[in-house]
Amino acid sequence: MDLLLGQTVRFSSDPFKGPVSDCVSHETRGAIAVENGLIRDIGTADQLKSDYPQAKITDYGDALLSPGFVDTHVHYPQTAIIASWGKRLIDWLNSYTFPEESRFGDAGHATAVAETYFNLVTASGTTTTVSYCTIHPESVDAYFTAAQKRGLRVLGGKTCMDRNAPDNLVDTAQSAYDDSKALLGRWHGQDRLSYVITPRFAPTSTPEQLEALGTLWSENPDLLMQTHISEQHEEIAWVADLFPDAKDYLDVYERFGLFGPGALLGHAIHLTDRERDRIRETDASLIHCPTSNMFIGSGLFDMHGLMEQGHRIGLATDTGGGSSFSMLRTMAAAYEVGQLNGHPLHPAQLWWLATEGSARAIRMEDKIGTLAPGSEADIAVIDLSSTPGIAQRSARAEDIWQAVFPTIMMGDDRAIQAVWANGVCLKS
Ligand code: GUN
Ligand code: ZN
């Protein structure tokens with residue numbers, strides 16, 4: 001058994017639903033007992049040291065022991081084109097994204113990028129990612145192989161698209177169905193890996209392909225399904241053009257069987273009232289990608305209004321439309337979007353979104369995203385004084401959230417002192 005010592009915060013309830021002080025308990029000298037890949041116990045350092053006298057102790061001082069971050073929407077194949085300048089969504093896809101994604105039929109390239117990607121995200125404290133791969137099965141194999149090697153709990157799927165993309169980057173309705181089915185048979189449920197059915201978005205799939213993927217989902221109803229919705233106005237107008245019979249963007253997915261409680265809807269910035277109501281009553285998940293929304297110039301996600309309405313919301317980098325691999329930077333961007341909307345998020349809400357809230361969005365809060373006994377031992381150890389600028393500010397803090405907020409706003413991979421995945425230390 002391992003005993004990790006440091007500060008701990010635990011959420012007893014959703015900090016969007018009540019005063020933060022009622023939802024969180026903080027331990028200055030806390031401890032987590034880890035055994036066989038799981039969190040066995042959590043409490044004070046004194047108590048757990050006396051309860052488990054044989055445990056191997058790693059003392060992280062006053063660093064914060066947090067659940068590893070859960071990044072609910074990424075495109076790992078866009079790792080090498082992150083921070084590509086000057087385009088909005090459709091031009092950005094055509095100029096930067098599609099040329100890079102077309103290289104992933106080469107298994108060597110896919111493996112090299114997947115390795116780089118997981119090195120970057122684990123160094124940033126992220127222990128779960130939900131990725132779009134490319135149309136190529138090789139890209140899915142590379143992603144899951146690299147994650148499996150590191151013992152990570154990750155999710156992902158083959159991106160399906162059979163129109164409005166370059167000739168060397170399209171599949172067909174039939175091959176999308178066949179390849180997705182073969183890949184989910186190969187990977188879903190292996191170790192900590194989960195397959196996600198992945199139509200890229202309505203403009204790049206024919207009705208036949210959407211229908212085939214809706215059929216695949218109905219045959220595998222326990223899987224999650226991920227796609228994009230209502231990111232930019234030009235995109236929404238394009239969808240209306242391509243699907244003139246649909247009531248709205250959401251209805252395109254719904255009429256082909258691609259909408260239900262297990263849907264992860266990326267961006268969701270410009271939803272109509274009908275779409276918001278329908279998503280709420282279905283309890284599907286919305287995925288907020290704030291660095292991406294500002295980088296590609298998409299707009300401001302209505303976190304406050306959607307949370308008030310009771311939506312299930314995850315947080316995500318959207319690498320490489322998003323401009324960071326780090327969930328710290330992503331929390332900072334969510335804070336800034338909240339400010340621009342007139343509703344600043346509390347640091348506890350931001351931290352919850354990056355951990356338990358995101359785990360809830362992908363319906364895995366019984367496994368990851370919390371420090372509850374029985375949860376899988378994916379833990380990020382956060383240095384709350386990782387740079388001189390952060391240290392001089394956190395030294396003034398009067399409570400734990402004042403101590404955490406400078407790291408949210410100014411922290412990066414230097415703040416990640418150690419990372420544990422599945423009970424094993426990956427970075428120290
Ligand atoms: N919409 C469809 N594909 C993509 C993508 O790769 N990134 C973003 N940000 N939006 C998309
Ligand atoms: Zn995306």
Side-chain angles (χ1 to χ4, degrees), residues 71-104 113 117 129-136 139 143 155-166 169-171 196-205 209-210 213 224-239 242 249-250 252-253 258 263-271 285-301 314-325 330 333 337 358 361-362:
D71 189 345
T72 51
H73 179 131
V74 315
H75 300 257
Y76 97 82
Q78 297 170 14
T79 296
I81 57 112
I82 194 170
S84 289
W85 185 85
K87 306 281 185 194
R88 291 175 59 78
L89 178 59
I90 308 302
D91 287 344
W92 175 85
L93 286 170
N94 287 317
S95 307
Y96 300 123
T97 309
F98 291 161
E100 175 61 14
E101 289 194 10
S102 65
R103 301 177 62 189
F104 281 70
V113 175
Y117 175 74
T129 55
V130 186
S131 189
Y132 291 66
C133 300
T134 67
I135 66 157
H136 313 95
S139 73
Y143 173 73
L155 306 85
K158 171 196 133 72
T159 293
C160 300
M161 45 183 186
D162 66 345
R163 66 167 161 175
N164 293 320
L169 197 62
V170 285
D171 50 19
V196 183
I197 295 171
T198 308
R200 180 173 217 119
F201 66 157
T204 47
S205 287
Q209 179 168 82
L210 294 174
L213 294 174
L224 298 172
M225 186 285 308
Q226 61 181 346
T227 191
H228 299 83
I229 193 168
S230 297
E231 182 177 0
Q232 294 205 340
H233 293 296
E234 300 88 319
E235 168 210 7
I236 296 167
W238 193 19
V239 171
L242 291 168
Y249 202 150
L250 180 68
V252 174
Y253 295 132
L258 291 168
L264 310 178
L265 303 172
H267 302 294
I269 301 170
H270 308 289
L271 298 175
S285 296
L286 303 177
I287 309 299
H288 178 34
C289 308
T291 72
S292 170
N293 297 164
M294 292 192 280
F295 184 77
I296 310 187
S298 303
L300 303 177
F301 181 84
L315 186 65
T317 58
D318 190 30
T319 297
S323 53
S324 178
F325 297 96
T330 303
V337 169
S358 282
I362 59 171

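Each ligand, and each atom within it, is numbered from 1 in the order the structure gives.
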Nitrogen or oxygen of W92 less than 3.5 angstrom from that of ligand 1: no
Give every protein N, O or S atom lying under 2.8 Å from the Zn ion (ligand 2), naming each by residue and atom. H73 NE2, H75 NE2, H228 NE2, D318 OD1
Report the relative orientation of the aromatic rings in F104 and Y76; use parallel for angles under 30°, tilted for 30 to 60°, perpendicular for over 60°. perpendicular
Contact with ligand 1 for E235, non-hydrogen, under 4.0 angstrom: no
Which ligand 1 atoms does L93 reach within 4.0 Å, using its non-hydrogen atoms? 3 (N), 4 (C), 5 (C), 6 (O)
Would you say ligand 1 has an N or O under 3.5 Å from any N or O of D318? yes
So that I know where these two stand, are H267 and F301 an aromatic pair - ring centroids less than 6.0 Å apart? no
Atom indices of ligand 1 within 4.0 angstrom of F201 heavy atoms, with elements: 1 (N), 2 (C)
Is there a donor-acceptor pair under 3.5 Å between the side chain of D318 and the backbone N or O of C289? no
Shortest non-hydrogen separation from I362 to L224 and the atoms involved: O-CD1, 3.6 Å
Does an N or O anywhere in T97 fall below 3.5 Å from an N or O of ligand 1? no
Write out all pairs satisfying salt bridge (Lys or Arg N to Asp or Glu O under 4.0 Å) with one or both partners inside residues 76-101, taking only residues at least two apart or from two chains. R88-E234, E100-R103, E101-R200
